[in-house]
Every structure is written in C-alpha cells, then in structure tokens.
Enquirer: 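Below: one structure in structure tokens.
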Amino acid sequence: MAPSHSTSGLRPDRFDRDGQDQLIDVRDLRAALPGIRRLRRWAHEALAVRPGESAVDIGSGSGSEVLAFADAVGPDGTAVGVEPDPDLLTAAERRAGQAGSAARFLPGDAYNLPVSSDSFDVALCERVFQHLTAPQRAVGEIARVLRPGGRVVVMDSDWGTAIVHPGDRHVVQQVIETLISSTTDPFAGRRLPGLLTQAGLVIDDFGSHALVQEHSMGAGALVARVSAMAVARGAITEQQREQLLADLEAGARTGDIHLSVTIFAVLAHKPE
C-alpha cells in the first residue's frame with residue numbers, strides 16, 4: 001500500500017449536542033482530504049465487495065463508508081453500519097435517506113455487535129481500536145460475525161510513530177509522550193496483525209500509510225491542545241510550549257515543517 005498524506009487528529013470522544021452538526025462537518029472534511037480518501041479507496045479495493053454480498057462498517061460514524069458498501073452490494077445485498085453514538089447514527093440515517101440509499105444503521109459497539117454470527121462477507125473497522133481497552137474482545141466479535149471466507153480490513157493510527165518538526169527535541173518528545181499517555185491504546189496500529197491472528201483470522205496484506213498535516217496549518221489544533229496538556233502535567237513549561245508553537249509557525253512559513261502519524265491497515269480473512 002503506497003503512503004499518502006492527510007491531516008491527522010484525535011477522534012473527539014465528547015462534544016456538546018448543539019455542536020453536533022459542526023462536528024460532523026469537521027469529520028466529513030477530514031475524510032475528504034486526499035490521504036484519508038486514498039486510504040479508504042485502498043480498503044474498498046482490497047475488500048472487493050461484490051453485488052449480493054453483506055458488508056458491515058464497525059464504528060461507522062456519519063455513514064460514508066456504509067453508503068459506499070450499499071452501492072457495491074446493490075439491491076440484493078446488505079450494508080450495515082454499527083455506531084455507539086446516537087447523534088452520529090441519526091446523522092448517518094439522514095444522509096442515507098437523502099441519498100436514497102438502502103444502507104442501514106444499528107446502535108452498538110465493537111464489543112457487542114448487534115448481528116448474528118457468520119452473517120457478513122465483509123467487515124471494515126477504521127480508527128476504532130485506539131479507543132478500546134479490550135481489543136481482543138473486538139477482534140473476537142469481528143471473527144464471530146464474518147462468514148467462513150469473509151474478509152476484513154482493520155486500520156488504525158499508531159501514535160508511537162508521531163513526528164513533530166521543528167522544535168526542541170526534549171520538548172517535542174514530552175509532547176508526543178503526553179499524546180501517547182492520553183490515548184487508550186496508542187500503539188493500536190502495530191498490534192493489529194497479532195490481534196487478528198490470535199482471533200483465528202488469516203492475514204492477507206499489511207501496509208502503512210503516512211497521514212501528514214498540511215504545512216499551511218502550522219502547529220495545528222492537535223499540537224496546540226496536547227502541548228497545553230503537557231504543561232498541565234508538568235512535562236514542559238509554558239515558555240517551552242510557546243517556543244515550540246512559534247518554531248512550528250516559523251517552519252510553516254518557510255516550508256520546514258513536518259507533523260505526521262502513521263496509520264497501519266490489515267487485510268485478513270476467516271478460514272473456510
């Protein structure tokens with residue numbers, strides 16, 4: 001899988017109801033950026049969904065990939081999204097209705113998929129595992145719902161690969177360590193092949209994909225937020241934070257800036 005580029009960021013876990021539509025817009029904007037678009041295109045090509053098949057997106061968000069599945073499986077197939085957030089479920093159902101899509105959406109999470117065993121030919125799970133405390137349960141659920149021969153793509157960020165340049169090396173290291181410590185499973189990306197194998201699935205392909213923030217964004221919201229967290233926990237001083245942000249803004253003006261994280265993706269299948 002060829003690397004490509006996009007803006008990266010932590011998935012928001014909490015938000016105000018009044019800001020829901022704005023949050024959805026931000027997520028959709030991020031998904032429309034070139035790197036994420038290419039990553040999802042690879043996933044769909046690898047899964048090679050056929051008419052009449054059944055497909056599920058685990059952690060389907062506002063529903064874009066389920067709509068793509070619905071188009072691929074056609075009128076004789078099934079496309080389902082599973083999402084724990086009721087507001088995102090509502091947004092996804094609204095989007096499907098506006099598109100005239102047969103996509104369906106169910107409340108549920110990666111630990112308890114509300115579907116029968118051996119019921120899907122295809123599964124997708126994007127950037128969910130970094131938020132899980134028991135990833136083994138989640139891969140067990142994926143293995144349960146796939147039919148023999150069924151395919152799955154699981155992809156997730158690995159925050160241990162984060163790069164922040166320029167900046168004082170010690171300060172950058174402390175900011176990245178703060179990011180790692182604030183993520184439930186920061187090394188989810190590198191663990192995916194092992195988790196899927198332990199669940200009895202067979203790995204068919206494994207690749208990486210660099211998500212690189214556009215240099216015009218400067219430090220960006222993620223570094224600004226995480227560096228403030230680093231100050232709060234005493235890892236760096238406020239003066240060091242201000243200098244880091246100034247260094248990044250200066251780098252953005254000259255083109256000497258690099259902010260990225262690597263996402264790993266695994267294609268696997270359930271043995272016949």
Side-chain angles (χ1 to χ4, degrees), residues 6-33 35-37 39-41 43-44 47 49 53-116 119-135 137-138 141-142 144-146 152-157 183-185 188 221-222 225 263:
S6 178
T7 301
S8 62
L10 287 174
R11 175 180 173 178
D13 291 320
R14 303 179 66 182
F15 44 83
D16 296 330
R17 183 176 299 272
D18 291 342
Q20 178 60 29
D21 287 338
Q22 180 180 2
L23 175 63
I24 292 169
D25 288 344
V26 169
R27 286 182 176 174
D28 289 344
L29 175 63
R30 183 177 300 139
L33 290 168
I36 293 296
R37 206 163 52 231
L39 180 64
R40 289 178 172 175
R41 185 164 58 244
H44 284 282
L47 290 168
V49 181
E53 289 192 317
S54 56
V56 61
D57 183 9
I58 301 163
S60 54
S62 56
S64 60
E65 304 318 291
V66 189
L67 268 64
F69 280 150
D71 289 341
V73 302
D76 297 326
T78 303
V80 175
V82 177
E83 170 60 45
D85 189 300
D87 293 314
L88 287 176
L89 277 174
T90 299
E93 290 167 349
R94 183 170 65 240
R95 169 181 274 185
Q98 292 170 344
S101 173
R104 294 190 298 114
F105 297 91
L106 302 174
D109 58 43
Y111 297 140
N112 298 286
L113 298 177
V115 295
S116 302
S119 56
F120 285 94
D121 301 293
V122 169
L124 174 67
C125 188
E126 177 191 333
R127 290 181 292 175
V128 169
F129 275 69
Q130 63 183 295
H131 305 289
L132 301 180
T133 56
R137 286 178 56 192
E141 277 291 272
I142 291 172
R144 178 183 71 81
V145 304
L146 280 179
V152 61
V153 165
V154 183
M155 58 182 80
D156 224 308
S157 306
T183 304
T184 303
D185 189 354
L222 179 61
R225 183 167 69 251
I263 192 167

Enquirer: Look up atom CG in Leu47 and atom CD in Glu53, then write down how far apart they are to the nearest 0.5 Å.
Expert: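 If we round to the nearest 0.5 Å, Leu47:CG and Glu53:CD are 9.5 Å apart.
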Enquirer: I'd like to know if the side chain of Glu83 and the backbone of Gly61 have a donor-acceptor N/O pair within less than 3.5 Å.
Expert: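 Confirmed, Glu83 side chain pairs with Gly61 backbone.
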Enquirer: In a check of side-chain contact (heavy atoms from CB on, under 4.5 Å) between Leu124 and each of Val153, Ile58, Val154, Val49, which one passes?
Expert: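 Only one option passes, and that is Val153.
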Enquirer: Going by heavy atoms in the side chains, are Arg40 and Ser64 under 4.5 Å from each other?
Expert: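 The answer is yes; the side chains approach within 4.5 Å.
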Enquirer: Atom CG of Leu39 and atom CE of Met155: how far apart are they, to the nearest 0.5 Å?
Expert: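 The CE atom of Met155 is 4.5 Å from CG of Leu39, to the nearest 0.5 Å.
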Enquirer: Begin with the C-alpha distance, continue with both residues' side-chain angles, and end with the deciding distance and a verdict on side chain to side chain contact (heavy atoms under 4.5 Å, CB included) for Asn112 and Arg137.
Expert: CA-CA 9 Å; Asn112 298 286; Arg137 286 178 56 192; 3.8 Å; yes
Enquirer: List the atom of Val152, the atom of Ile142, and the distance in Å for their closest heavy-atom pair.
Expert: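 For Val152 and Ile142, the tightest heavy-atom pair comes out as CG2-CG2, 3.8 Å.
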Enquirer: Would the distance check show the side chain of Ser101 and the main-chain N or O of Ala103 forming a donor-acceptor pair, the cut-off being under 3.5 Å?
Expert: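 Yes, because the side chain of Ser101 sits within donor-acceptor range (under 3.5 Å) of the backbone of Ala103.
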Enquirer: Looking only at atom types and distance, does a side-chain atom of Tyr111 sit under 3.5 Å from a main-chain N or O of Ala134, one as donor and one as acceptor?
Expert: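 Such a contact is found between Tyr111 side chain and Ala134 backbone.
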Enquirer: Would you indicate whether the side-chain heavy atoms of Val82 and Phe105 approach each other to under 4.5 Å?
Expert: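 No, too far: nothing below the 4.5 Å cut-off.
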Enquirer: A side-chain contact here means heavy atoms from C-beta on lying under 4.5 Å apart; do Val56 and Leu113 qualify?
Expert: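 Not in contact.
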Enquirer: With side chains defined as the heavy atoms from C-beta onward, is the minimum distance between Phe69 and His44 less than 4.5 Å?
Expert: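 When only atoms from C-beta onward are counted, His44 and Phe69 do touch, with a gap below 4.5 Å.
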Enquirer: Any heavy-atom pair between the side chains of Val80 and Val66 that's under 4.5 Å?
Expert: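 A side-chain contact under 4.5 Å is absent here.
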Enquirer: Please find the pair of heavy atoms, one from Arg127 and one from Ile263, that lie closest to each other, and give the distance.
Expert: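 Scanning both residues completely, I find the closest heavy atoms to be CG-CD1, 3.8 Å.
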Enquirer: How far apart are the closest heavy atoms of Ser60 and Asp57, and which atoms are they?
Expert: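 Taking Ser60 first and Asp57 second, the nearest heavy atoms are CA-OD2, 3.4 Å.
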Enquirer: What closest approach, in Å, do Ser116 and Arg144 show between heavy atoms, and which atom pair accounts for it?
Expert: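 Heavy atoms of Ser116 and Arg144 come nearest at C-NH1, 3.6 Å.
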Enquirer: Do Ser54 and Val73 come close enough that some side-chain heavy atom pair is under 4.5 Å?
Expert: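 No. Closest side-chain heavy atoms not under 4.5 Å.
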Enquirer: If every non-hydrogen atom of Pro114 is compared with every non-hydrogen atom of Pro107, which pair is closest and at what distance?
Expert: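 Here Pro114 and Pro107 meet closest at CG-O, 3.4 Å.
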Enquirer: What are the two closest non-hydrogen atoms of Asp185 and Phe129, and how far apart are they?
Expert: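 Heavy atoms only, the tightest pair is CB-O, 3.6 Å.
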Enquirer: Quick test of your reading of the model: are Glu93 and Arg104 salt-bridged, counting only N-O distances below 4.0 Å?
Expert: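 Salt bridge flag = no for Arg104 with Glu93.
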Enquirer: Has Arg95 got a side-chain atom pairing as donor or acceptor with Thr90's backbone, closer than 3.5 angstrom?
Expert: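 Between the backbone of Thr90 and the side chain of Arg95 there is no qualifying donor-acceptor contact (under 3.5 Å).
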Enquirer: Strictly by modelled atom types, are Gln130 and Asp156 linked by a side-chain donor-acceptor pair under 3.5 Å?
Expert: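 The criterion, which ignores hydrogens and geometry beyond distance, is satisfied for Asp156 and Gln130.
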